[in-house]
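Pasting a structure here, questions to come.
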Amino acid sequence: MIKVTTEISRLARGGRAVGRHTDGRVLFVAGGVPGDTVEAEVTLESERFLEAKVTKVLKASPHRVAPPCPHFETCGGCPWQNVSYSEQIAQKKSILKDTLVRGKAVTKDEGELFQEFIESPKEFRYRSRVTLQKRTNGQGTEIGYSRRESNEFVAIDDCLLAREELIPFAREVSTSSATKVRDRFQVAIDDNGKLSVGGAFTQVNFEQNQKLQSLVSDLISSHVRSRPEIVHWHFLDLYCGNGNLTFPVIEKVREEMPDKVMEATGVEQTEESILDARKNPRAQQCRFYAEDVEEWLVRQKSGPSGQVTKKGLPLDGVILLDPPRVGCTKGVMMKIARRKPSYIVYVSCDPATQARDLARMRETFSQMKVRYDVESIIGLDLFPQTDHIESVVTFRRKAN
Ligand SMILES: C[S@@+](CC[C@H](N)C(=O)[O-])C[C@H]1O[C@@H](n2cnc3c(N)ncnc32)[C@H](O)[C@@H]1O
């Protein structure tokens, strides 16, 4: 086994820390903390980089903390539990900015607009939904996770990210004859404390979800307020889930600007979520479609922007998109650009796919010769202790 010594300069996407080998190659080090000097064992070597695992901390960084979870070493789900929370935020901020600039989603100057990364009020016990596995052997049934980047089962006693009620509930249902759970199953708790097995997508960090709802509502209502000449608005929420962001947005606009008319359309492929959205008493003047976003967009003639209402009043559109980690197809980004909405809010849980998608959208804008300004870039920590980054980037159409 080759052993190397390196200083850790930063954290990277994928959960590892970054050092440098003596020959100049990048060294991705599992278990390193920015500011550490570590001895590490090389686990993979390629022409351009090496991967390694910390074997000894030679000089501990001031940002290094003791990971509270006993499964930290084996599970791998929270790779940054050994990094202080303030440093996790600083590193996420820098990864987000770098990914958006390098991916040509924003220019270097536009990247300077990025100031705010909203911290999570809870650093642990924030997850209201977790996916677990069960294994039965001679000793009985155990629950656990898949070790990160492998299929290896890791049995757990508890998970410090999960709300207190979830793991005891998962243990109970994993052995219950009344509730038959699969080998891989999800457990969730709702805002009323009701526990359940399975279910469609819902945001997992309640407190941060409220901040996300306020943030998106504030951004969109400020935009609507800034255009006094437009009374009629159409709000299109793509990948809308159960209307988690649709309702707070239209409510804020309607409450604060009763003179405005805002209709809303939500598109989401999971039927269960759309049924939930339609049942919501807040769903007046909203249409929800259970459909693939691209297929839905293909069926539409054009966006409302630049059109007039039946009474001849100008109409404009706002598009919010909050896709899953894989991001959007090229077709979706081109279709969004072609609708020329006056405001676009892209909420993402993966800066790399967000950067790719925004770069594609901007390319379509430039072919169409329409101009947009990046208005804001905001980070939000939905998943403390992990390398996941949530971000919100907004674009505003310039008057031609
Ligand atoms: C990150 S979630 C966002 C949900 C919602 N905006 C919220 O805040 O709860 C992404 C959603 O996109 C849906 N989805 C994934 N791929 C889709 C597609 N191709 N067309 C429509 N919806 C899709 C998923 O079911 C999921 O509900």
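Quick caveat: nothing in here was measured; it's all calculated off a predicted structure. Both ligands and their constituent atoms are indexed starting at 1 by order of listing.
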*asked:* Can you work out which protein residues put a heavy atom within less than 4.0 Å of ligand 1?
replied: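 Contacting ligand 1 under 4.0 Å are F201, Q203, Y239, C240, G241, N244, L245, E268, Q269, T270, E291, D292, V293, D322, P323, P324.
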*asked:* Both conditions, 6.0 Å and 45 degrees, for the charged tip of R25 above the ring of F49: are they met here?
replied: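 Checked: cation-pi criterion not met.
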*Taking the six-membered ring where the residue is Trp, are the ring centres of H223 and W233 under 6.0 Å apart?*
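Here the rings of W233 and H223 have centres that are less than 6.0 Å from each other.
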*Taking all heavy atoms of K53 and all of V29, pick out the closest pair and write down the distance.*
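Where K53 meets V29 most closely, the heavy atoms are C-CG1, 4.5 Å.
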_Once side-chain hydrogen bond (donor to acceptor under 3.5 Å, both in side chains) is applied, what residue pairs with a partner in residues 157-167 remain, sequence neighbours excluded?_
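Checked against side-chain hydrogen bond (donor to acceptor under 3.5 Å, both in side chains) - neighbours excluded - the pairs reaching residues 157-167 are R125-D158.
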*For residues Y289 and Y239, establish whether the separation of their ring centroids is below 6.0 Å.*
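Ring-ring flag for Y289/Y239: false, centres at least 6.0 Å apart.
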_For Y372, does the six-membered ring have the charged nitrogen or CZ of K398 within the cation-pi criterion, i.e. under 6.0 angstrom from the centroid and within 45° of the normal?_
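Not satisfied by the 6.0 Å and 45° rule.
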